[in-house]
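Quick notes on the structure that follows.
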Amino acid sequence: MRIIGPLFMGLSAFFLSLPIIVVSAAALNGGRTMFFPPKDPSLARFVEFFVSESVWRTALWHSMIVAFGSAGLAVLLAWPIAYWLWSTGSKLSKTVAALGSMPFALPPIVFGVGLGFFWAFLGGLGTIWAGIVSQAALFLALPLVTISIGLQSIDRAHLDAAATMGATEKVTFRTIILPQTLPYTASGFFFALVLSFNEFIVMFFVSASSYSTVTLQIFNSLRNGYTPTMAVAAITFITVSLLVFSAVARWGDLPRLMGADQSRT
Amino acid sequence: MTAALDLDTPATAPAPKKPVWPWALTGLILFLCVVPFILVLAISFGHKIEGAGWEWSFTLANYKRFFVGAMWPEDVTFLYLQQLYWSLRYAIVASILAVVTALPFTYLMTRLPRRAQARWLVFLLASLSLSEVFIVMGWDILLSNNSGLPKLFQITGLTDWLKAVGWFDTLRDWGLASPRNVKFKTSELATVLCMSYLVWPYAVILLYPALSRLDPSLSEAARTMGAGPWTVARTVVLPSVRLPLIGATLLLFVFLLGTYVSVTVFADPAKHTTAIAIYEAVRGANLDAPFGAAQAVILLLTAALFLWLGQKLTTKREGKA
C-alpha cells in the first residue's frame, strides 16, 4: 500500500498533465503545423499570439474584459446575498442563494440557450456587456460559496464585543466583517475570473459571432485545423490559472476554502 | 449585553424600517438567473415559420417531434430519443468513471500534510480551469490517427504485438483499430475518456470536503484490530462517504449532459447527443429556436429526474441505516 498509494497519485497526475503537456509543447513548433514532439523549436508563435496577429490580440483583450468584468460583478452580486444569508438565515435568502447558484449547477448549455433568447429580447445580443453580465450570472455561485465560508468563519465573540462597545452596524461591518472576509472575497473573485476566462458554451450563445474571446477564437479556428498559435493561448491560460491559485494558496487557506476541516492541520 | 442598550431605547421608538435591498436583490437574481430558463420553456411551445424566424404560440408539436418525429403518425422516427440515449450513456459512464478513479486519489490526498494538499489543489484547480476546447485539442493530438498514441503503439511495436497475440482483431471488432493500426478517433472510448477527464478535477473537489473530514482514528482503529487496507476501505471509508459519492456522481452527470466540444470531435456522427442537436437548432443550419428550446427543456427535465431519483435513493438508504 505504501508504494501503491504514491504510484496511483503519480499516475493520476500524469494522466491529468498529459493533454496539457502535449498542447504546451506544440506551441514551440517552428512551423505552422502542429507536430508533437515539436519540430524546429522556437518562440515565434508567442510573438504571433501576443504581438503580431491582431485576431489573437483582440480576442485576448475581449477575454480579459469579460473575465475581469464578470468576476467583479459576480462578487458584487454575491456579497449582499451571502451577507443576507449569514445575518438572517431567512427562507427567502436561502431561496435567493439557491436560485443564484442554479445556472452553475444545471447543464450550462440550457442556460446558454436561455441567455441567447434573453439578450435577443433585451437588444443586447452580441454586445460585450451582455457577455459580462451572463458570465457573472453563471459564476455567481463561486464567490457566493467562498464569501459564505468567510462569513461563517467570523468569531461571533468579536461581533458581541463590538456591539458592547457601542459600535454601529456600519462600523462593525467595516472594521470586523469586511477585513476578515477579504481573503475569501478575493478567492471567489479569482475562481470566477479563471473559469470565466476559459468559458465557452455561454459565450458562444451570447456573443452571437459579433466578437471572439480566445476560447471562441480557438473553437472557430478548429474548423481549419490546429495551429501552434492556439497552443500559446493554452499555455497563457494555464500559467494565469497556476499563478492565481498559487497566490490564493499562499495568502489564503486553500484546503479550508475547498471544504477541509479548519481544526485539522 | 443588550440590557444597557435597551434602557437607552425610548419605549415609543418607531419600528425599524424594513430595508428594500433584499427585495431588489431577489428581483435581480430572478431576472438574471431564472428568466433565461423561463424563456427556454416558453419558447419551446413556439412555432417555427418556414424560411423566417419563429412566433409565440402554444403548440406541443416540438415535443411530439422529439419523441416520435415531425411526420407522425404517417412516419415515426426516434432520432432525437436516440440522441438523448447517447447523452445519457456518455454522461453516466464518464461520471461514474471519474468518481471511481477520483475517490482513491482524493482519499490519499487528504492523508497528506496540509501544505502538500494545498499544492495538489493548485494543480487540480489549474487543470480544471482549462477550457473544454483546450482539453479536446490536447486529447485530439494524443489520439489522432497519425500522431500521439497510435504512433507510439506503432513505433514501440505494441501494434505488432497486439496483432501477434490476436487482440488486434478484437480491437477492430470494437471499432478501435483500422486495418493497419489502433484507432481512437472516432470512438465511444475517446468520447468517454475526454468527458471523464473534463470532470475528474471536479470529482476530486466534490469528494474532498467529506474525505478530509473523515476521522483518521476510525481507520487506525480498524487497522489495529487486524483489518487490511482493502477491508478498511470497504467497511470504514466507503460507507462514510456514500452520500457525497452519489451526490458527486449526480452533479457531474448533470454537467456532462451538456458537453458539446468533446462529442463533436470524438463521437461518431451517428452517436451524437442532444446537446449537439440543440446547437444545430439554435445556432446551426436548422435555425429552429422553438425545437432547440424544447430539446433543452427535455435535457433539463432529464437532469432533474436523475437528481430527484438520486435524492430518493439516498434518503431511502439513510432511512434504512
Side-chain angles (χ1 to χ4, degrees), chain A residues 1 5 8-9 12-13 16 18-20 22-23 26 34 36 80-81 84 92 96 99-100 102-103 105-111 113-118 133 137 140 160 163-164 194-195 198-201 205 215 218-219 226 230 234 237-238 241-242 245-246 249 254-255 258-261 265, chain B residues 1 21-22 25-26 29-30 32-37 39-40 43 101 104-105 108-109 114 117-118 121-123 125-127 129-135 137-139 141-142 147-148 200-201 205 208-209 212-213 229 251 254-255 257-258 260-261 275 278 282-283 289 292-293 296 299-300 303:
Chain A
M1 193 66 190
F8 181 74
M9 289 192 81
S12 304
L16 212 55
L18 213 55
I20 301 171
V22 170
V23 170
M34 199 97 144
F36 183 79
I81 302 174
W84 183 21
L92 185 64
V96 170
L99 290 177
M102 201 169 69
L106 292 175
I109 186 169
V110 183
F111 191 54
V113 170
L115 282 168
F117 296 142
F118 181 76
V133 176
L140 177 65
D160 292 343
T164 326
V194 169
L195 286 191
N198 288 282
E199 208 281 330
F200 166 73
I201 289 183
F205 281 104
T215 322
I218 288 181
F219 181 73
Y226 299 110
M230 292 178 190
F237 280 31
I238 199 95
S241 308
L242 274 174
F245 290 123
S246 300
L254 195 56
M258 292 286 118
D261 197 344
T265 50
Chain B
M1 175 201 88
W21 66 266
L25 198 61
T26 309
I29 293 302
L30 282 174
L32 284 179
C33 300
V34 182
V35 169
F37 288 108
L39 272 175
V40 175
I43 293 170
T101 47
F105 176 87
L108 292 165
M109 188 174 89
R114 196 89 166 204
Q117 286 185 40
L121 284 171
V122 168
F123 174 59
L125 287 169
S127 64
S129 62
L130 210 57
S131 165
E132 188 189 352
V133 179
F134 289 122
I135 290 166
M137 193 160 111
W139 280 112
I141 300 169
L142 272 167
S147 62
W200 200 84
I205 281 160
Y208 181 73
S212 66
R213 283 158 197 249
L251 275 175
V254 170
F255 179 83
L257 277 180
Y260 175 72
V261 192
I278 295 173
V282 179
R283 286 286 307 273
L299 197 67
L300 200 62

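Numbered from 1 within each chain, the chains take letters A, B, ... in sequence-line order. A quick note: this is a predicted structure, and the numbers were derived from the prediction, not measured.
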Heavy-atom distance under 4.5 Å between the side chains of [X] and [Y], does that happen here?
| X | Y | answer |
| --- | --- | --- |
| B/F134 | A/N198 | yes |
| A/I20 | B/S127 | yes |
| B/R114 | A/P255 | yes |

Between [options], who has the most heavy-atom pairs with chain A when the cutoff is under 4.5 Å?
| options | answer |
| --- | --- |
| B/T26, B/V122, B/V40 | B/V122 |
| B/L251, B/L39, B/I135 | B/L39 |
| B/P209, B/A296, B/A118, B/P104 | B/P209 |

Given a strict heavy-atom distance threshold of 4.5 Å, which part of A/I201 is in contact with chain B: side chain, backbone, both, or neither? both

Portion of A/L18 that has a non-hydrogen atom of chain B nearer than 4.5 angstrom: both

How many angstroms lie between atom CZ of A/F200 and atom OH of B/Y260, to the nearest 0.5 angstrom? 6.5 Å

Distance in Å, A/I109 CD1 paired with B/L300 CG, rounded so as to fall on 0.5 Å steps: 11.5 Å

Nearest heavy-atom contact between B/S131 and A/T215 is OG-CG2, 3.0 Å

Nearest heavy-atom pair of B/T101 and A/F8: which atoms, and what distance? O-CZ, 3.4 Å

Quick one: list whatever passes side-chain contact (heavy atoms from CB on, under 4.5 Å) with B/F255, sequence neighbours left out. A/P108, B/V199, B/Y202

Partners passing side-chain contact (heavy atoms from CB on, under 4.5 Å) against A/P80 (at least two apart in sequence or in another chain): B/W21, B/L25

With chain B, the option among A/V133, A/L99, A/L140 that has the most non-hydrogen atom pairs under 4.5 Å is A/L99

